[in-house]
Colleague: 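Shown below is the structure under consideration.
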Protein chains: 2
Amino acid sequence: MAGTEIKLTEQRRVILEELRKVRTHPSADAVYDLVRKRLPRISLGTVYRNLEAMSERGMIRKLGGCQCQMRFDADVTNHYHVRCLKCGRVDDVAVETCEVLERALRERSDYAILGHHVEFIGFCPSCRCAGEDERSDQPEGAGER
Amino acid sequence: MAGTEIKLTEQRRVILEELRKVRTHPSADAVYDLVRKRLPRISLGTVYRNLEAMSERGMIRKLGGCQCQMRFDADVTNHYHVRCLKCGRVDDVAVETCEVLERALRERSDYAILGHHVEFIGFCPSCRCAGEDERSDQPEGAGER
DNA sequence: ATATCTGCAAAAAGTTTGCTTTTTA
DNA sequence: TAAAAAGCAAACTTTTTGCAGATAT
């Protein structure tokens, strides 16, 4: 379904318009609240379904990368991660951390910056082979980036 | 409680040991399964509570950055984000994306890399002031990095 | 003794799904 | 009139919480 064409229904159009109006990166629930002002009869299920559908097609983007299940790491030294889009596997990455990024941001931002995290997205060795033919049943956020 | 000393109870010790054994970045539930092999009477609530307590103190790290609520962005161009540790606010960041990172990883990894995402962590302008005195009630993952 | 921690179970929060009706091509 | 989408509500998953009993200082 990720590659399928999509109908721009009124619900989807309004969701998209409202999402484009704000810079707050709202949660699904917050989108629901925004959209409901214009379409009081829309259901939360529709909002979820359409946010998912639109992010699969790259019309919008899901933030966070996590498939909404927290993961834990005993290694507290600074390092980056790769996440497999297909099976959800997470690995450490052999790239040295990029402190330049943080320095650059400190100059440009009003935030008090404590750190940063980098997550690469891709297909892990097993899934990149297995998935070459049946690229359809990717579990989560295939269109994320 | 983020700065409080913590007792290394048997449950915490086993959670930590099991987490250190694996490189799989397990979910809370997966940690529960690992730990239960050695402490069959431990409860999932305890695992959650202790993972949280230990990550608050920097003994372990939560991955994902997201406080387990997906957020959406209508801007699908490549850009990075900052997240406020205190209030959860997410902003765009005025740092150009760092393609070098991706190139470096492609050489070193067996993953098929599709992209990457950077999330900075810090305190937003409002919270950095408000929080200077009462630095105690940070909602999530204060010790994340 | 007193504060801390655990187990248990219930609740909350976030998300997905099944089914029926409505809309659109 | 057939396919796609919406509305609704129930189910499911993940995480949090209240409380009584256990542990440890």
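Just so we're on the same page: letters track the sequence lines, and every chain starts at 1.
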Colleague: According to ring-ring contact (aromatic ring centres under 6.0 Å, His included), who are the partners of F120(B), at least two apart in sequence or on a separate chain?
Modeller: H116(A)
Colleague: Could you identify which residues of residues 10-20 of chain A place a heavy atom less than 4.0 Å from some atom of DNA chain D, listed by residue number, or say none?
Modeller: Q11(A), R12(A)
Colleague: Do the side chains of K21(B) and E18(B) get close enough for a salt bridge, i.e. N-O under 4.0 angstrom?
Modeller: yes
Colleague: Let me know the distance between CD of E5(B) and P of dT4(C), rounded to the nearest Å.
Modeller: 8 Å
Colleague: With under 30° as parallel and over 60° as perpendicular, where do the rings of H25(B) and H79(A) fit, or are they tilted in between?
Modeller: tilted
Colleague: Can you tell me if CZ on R41(B) sees more than 12 non-hydrogen neighbours from other groups inside 6.0 Å?
Modeller: no
Colleague: Do R20(B) and I60(B) have side-chain heavy atoms sitting under 4.5 Å apart?
Modeller: no
Colleague: Could you tell me the separation between the CZ atom of R36(A) and the P atom of dA6(D), rounded to a whole number of Å?
Modeller: 17 Å
Colleague: Using a cut-off of strictly less than 4.0 Å, decide whether T9(A) has a side-chain nitrogen or oxygen near OP1 or OP2 of dT24(C).
Modeller: no
Colleague: Is the distance from OP1 or OP2 of dA5(D) to the nearest side-chain N or O of N50(A) less than 4.0 Å?
Modeller: no
Colleague: Is a salt bridge present between D91(A) and R89(A), judged by a nitrogen-to-oxygen distance below 4.0 Å?
Modeller: yes
Colleague: Is E99(B) paired with R103(B) through a side-chain N to carboxylate O contact shorter than 4.0 Å?
Modeller: no
Colleague: Roughly how many Å is it from CD1 in I6(A) to P in dA5(D), rounded to a whole number?
Modeller: 7 Å
Colleague: List the protein contact pattern of nucleotides 15-25 of chain D with one symbol per nucleotide (5' to 3'): B for base contact, S for sugar-phosphate-only contact, - for none; contact means a heavy-atom distance under 4.0 Å.
Modeller: BBBB-------
Colleague: In whole angstroms, how far is the P atom of dT16(C) from the CD atom of E56(A)?
Modeller: 10 Å
Colleague: Measure CE/M54(A) against C1'/dA6(D) and give the value in whole Å, please.
Modeller: 14 Å
Colleague: Atom CG of L51(B) and atom P of dT6(C): how far apart are they, to the nearest Å?
Modeller: 11 Å
Colleague: Could you give the CZ-to-C1' distance, from R41(A) to dA9(D), as a whole number of Å?
Modeller: 14 Å
Colleague: Check the distance between dT13(D)'s C1' and D33(B)'s CG and give it to me in whole angstrom.
Modeller: 14 Å
Colleague: Taking the side chain as C-beta and beyond, is there a heavy-atom pair between R61(B) and N78(A) under 4.5 Å?
Modeller: yes
Colleague: Would you call E5(A)-R57(A) a salt bridge at under 4.0 Å N-O?
Modeller: no
